[in-house]
Each structure stands twice: as C-alpha cells, then as structure tokens.
Amino acid sequence: MLSVATWNINSARLRLPIIEKYLEMQGPDVLCLQEIKCQEHQFPADALAALGYEHQAICGQKGYHGVATVSRVPIREVTRHDWQANGEARHVGVEVVDREVGGKNVRIDNVYVPAGGDEPDREKNPKFGQKLDFLERMTDWAKSLDVPTLIVGDFNIAPLESDVWNHKQLLKVVSHTPVEVETLERFQKAHGWVDIGREHIRDPERYFSWWSYRSKDWRVNDRGRRLDHMWASPEFAARATGHSLLEDARDWEKPSDHIPLVTEFDI
DNA sequence: ATGCCGGTGTCACACCGA
C-alpha cells in the first residue's frame, strides 16, 4: 500500500498548522506540496520530520513558487527540471525506495506549472508563452520516460468542461483556453498518462480543486476549477485503488485556495 | 468577474496568483 497526496499550499511557513492537521488526519505516505514560497533553509523541515515525514526533497526559492515532497517512506531525489528555462523552482522528482511496478522502482514527479498571466496570447503576454513552452518541455521529457511514474501537482489547467464552474465563460480565461487544453493533451499522449482523478470521479461529474479567494461564499457560489492533477503511467495507474478530495480543507483556518487530493495504490 | 482576497518582500507599497 502506498498513498500519495498533492496540495498547492500557498506558503508552507504560513500554513504549517494546517499541513500538520492534514498529515495527522489523513496520514498519506507521501505529500507533494506546491507554492511553498520559501527557500530550502526556510522550509518547516523539522516540524514535518517530527510527524514522521523525515524523507524530504525540497526545491525552493525566495518568495514565490517552490515545491517539496515529504515522505514517511524512504525516497531518493532524482531530478529537478527547469522546464521554463528561467531558474524558477517548479519541479522535483523522487524515486520511492523498494516500491516497484513491473520490476522497476516507481517515481513521483511533483510539478507547479506556471499560471500563465492574464492574456491568453503569447505575443501580448510572455508568461502565457512560457507556460506553453514549459508544457512542451514536459512533453519531451515524458516521451523519454521508461520507468513507472506518477506526476502530480498544480497543472494550472482545467481541461474538461466539467472541470470548471462555467465552460463558456472560461473559454478565454487562462487555465481553460483551447490552446492550453490541446497542449496538455499532447503531454498526455506523449506517455499515455492516465488521469487518475477522472478515473475515479468520472466526467461529467463536478470535480474542482481550487476556488479563488476573491469569490466570497465559495461553497455557495462554487466557482471552482480542477487545476490540480494526479497522472500516472498506465501500469502504475492500474494499481490505484482509491482517490479522494478533501473539500473541507478549503474552510480550515487560514486556508489555501487549493485543496488536497490523495490516491491509494496497491504497491 | 482583470477583481471584492491573500501570499512575499521591503518598508507603503510592488509583484504574483488564475
């Protein structure tokens, strides 16, 4: 049994109390955090180790972005890709020690895809181009993968109509534009990734993982999007036995605007 | 719904999120 969770935490330091609450409540074997918003030496490593998450791979930077994978089962950091080619901390890849699928140790890649700015036009908005380029480099990486891999994190794209509160209203909003969805589809096809979330909560059922801070009464208005994902190699995904969301976490004290997702595997 | 919120960093604001 191996359980893996992903959560865009929007500051690991500010939200240490709810990280601890989550780990004590759900106790996944591995937790992948995005937007830790700190440098590696500022990450609350000791507090998480005290809860049993002593194996850690942290890729941070000052103030923004940053990812960390913490685990209570042994992991080995294997890569940090700079898929945006600008030095930002948006990926860390680990191997899970002695957990095999098809005779090979499984890998978990934790990624924070760039948001992409406001305007969905790479001529007017360089950040949008950087987001697409990031995904193209991820796709090149995926083509060469030869180990069972789980890639999780904030993809900052809600690909399906049922992944957003209003498909038509969001067609020109970055995160749900056709060009982003097509670019993500090319990534998916490059490795045959299985969208584990949608294997368990099937389209067209509502499935959101993020609600803006700006919309009051998030539960009433429910203007959410599915920006966070857990995608696995086919043979790895076949071992998934369960998948769930923790919507209640959006109402915790000083909440993140994202909620945690977790998948259990028979490994 | 281009923001009514909410992070960080440096010191009243900028910049970022999506």
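By convention in this document, chain letters (A, B, ...) are assigned in the order of the sequence lines, proteins followed by strands, and residues within each chain are numbered from 1.
Between Trp210(A) and His258(A), the ring-plane angle classifies as tilted under the 30° and 60° cut-offs.
dA12(B) and dT2(B) have their C1' atoms separated by 23 Å, with the value rounded to a whole Å. Distance noted for atom C1' between dG17(B) and dG3(B): 12 Å (whole Å). Rounded to the nearest Å, the gap between the C1' atom of dC15(B) and that of dC11(B) is 15 Å. Rounded to whole Å, the P atom of dG6(B) lies 23 Å from the corresponding atom of dT10(B). Spacing of P atoms, dA1(B) relative to dC13(B), comes out at 31 Å, to the nearest Å.
Checked against dA18(B), dG17(B), dG7(B), the side chain of Lys127(A) finds its nearest nucleotide in dG17(B). The side chain of Val173(A) lies closest to dT2(B) when the candidates are dT2(B), dG6(B), dT8(B). Side-chain proximity of Lys62(A) to the nucleotides dA18(B), dT10(B), dG7(B) is greatest for dT10(B). Across dG9(B), dA18(B), dA1(B), the shortest atom-to-atom separation from the side chain of Glu35(A) is found for dA18(B). Distance from the side chain of Arg90(A) is smallest to dG17(B) among dG17(B), dG7(B), dG9(B). In the set dT8(B), dA18(B), dG9(B), the nucleotide with an atom closest to the side chain of Lys37(A) is dT8(B).
Phosphate proximity of dG17(B) to Ser212(A): absent, as no side-chain N or O sits under 4.0 Å from OP1 or OP2. Proximity of Asn156(A) to the phosphate of dA18(B): a side-chain N or O atom is located under 4.0 Å from OP1 or OP2. Distances shorter than 4.0 Å separate none of the side-chain N or O atoms of His65(A) from OP1 or OP2 on dT8(B). Taking 4.0 angstrom as the limit, Arg223(A) places none of its side-chain polar atoms (N or O) nearer than this to OP1 or OP2 of dG3(B).
Side-chain contact annotation: His229(A) with Asp195(A), donor-acceptor N/O pair under 3.5 Å absent.
Asp266(A) has no carboxylate O lying under 4.0 Å from a charged side-chain N of Arg239(A), or vice versa, which leaves the two without a salt bridge. Under the 4.0 Å criterion applied to side-chain N and carboxylate O atoms, Arg219(A) and Asp248(A) are assigned as salt-bridge partners. The existence of a salt bridge linking Arg206(A) and Glu247(A) is confirmed by a sub-4.0 Å separation between a basic side-chain nitrogen and an acidic carboxylate oxygen. Residues Lys143(A) and Asp140(A) are paired through a salt bridge, judged by an N-O separation under 4.0 Å between the basic side chain and the carboxylate. Between Arg80(A) and Glu40(A) a salt bridge is recorded (basic side-chain N to carboxylate O distance below 4.0 Å).
Looking at heavy-atom distances under 4.0 Å, Lys131(A) makes no contact with the nucleic acid at all. Counting non-hydrogen atoms under 4.0 angstrom, His176(A) reaches nothing in the nucleic acid. Using a 4.0 Å heavy-atom criterion, one finds that Asp154(A) contacts the sugar-phosphate atoms exclusively.
Map Asn8(A) and Tyr213(A) each onto its nearest nucleotide of DNA chain B; the residue landing nearer the 5' end is Tyr213(A). Mapped onto DNA chain B by nearest heavy atom, Val174(A) and Gln39(A) fall at different nucleotides, with Gln39(A) at the one closer to the 5' end.
Taken residue by residue, residues 112-121 of chain A places heavy atoms nearer than 4.0 Å to DNA chain B at Tyr112(A), Ala115(A), Asp118(A). Within residues 160-167 of chain A, no residue has any heavy atom under 4.0 Å from DNA chain B.
As rounded to whole Å, 12 Å separates atom P of dC16(B) from atom CG of Asn86(A). Between the CD atom of Gln34(A) and the C1' atom of dA18(B) there is a distance of 15 Å, rounded to whole Å. Asp228(A) places its CG atom 9 Å from the P atom of dA18(B), with the value rounded to the nearest Å. Between Asp251(A) atom CG and dC5(B) atom C1' there is a gap of 15 Å when expressed in whole angstrom units. Between the CZ atom of Arg15(A) and the P atom of dC5(B) there is a distance of 15 Å, given to the nearest Å. Rounded to a whole Å, the CZ atom of Phe208(A) is 15 Å from the C1' atom of dA18(B). Here the C1' atom of nucleotide dC5(B) and the CG atom of Asp257(A) are 9 Å apart, to the nearest Å. One can place CG of Leu14(A) at 11 Å from P of dG9(B), the figure rounded to the nearest angstrom.
At a cut-off of 3.5 angstrom, counting only N and O atoms as typed in the model, there is a donor on one side and an acceptor on the other between the side-chain of Tyr64(A) and the base of dC15(B). Judged by atom type and distance alone, Arg214(A) reaches the base of dA18(B) through a side-chain donor-acceptor pair under 3.5 Å.
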(message) With ring pair (Phe, Tyr, Trp, His ring centres under 6.0 Å) as the criterion, how do Phe208(A) and Trp165(A) come out once you've worked through the C-alpha distance, each side chain's angles and the decisive distance to 0.1 Å?
(response) CA-CA 8 Å; Phe208(A) 304 150; Trp165(A) 66 275; 8.9 Å; no
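In this structure, Asp46(A) places its CG atom where only 12 or fewer heavy-atom neighbours from other residues, nucleotides or ligands lie under 6.0 Å away.
Applying the salt bridge (Lys or Arg N to Asp or Glu O under 4.0 Å) rule to Arg90(A) yields the partners Glu88(A); only residues at least two apart in sequence or on another chain are considered.
No side-chain heavy atom of Ile157(A) sits less than 4.5 Å from a side-chain heavy atom of Thr183(A). Counting heavy atoms from C-beta outward, Lys21(A) and Glu253(A) have side chains that stay 4.5 Å or more apart.
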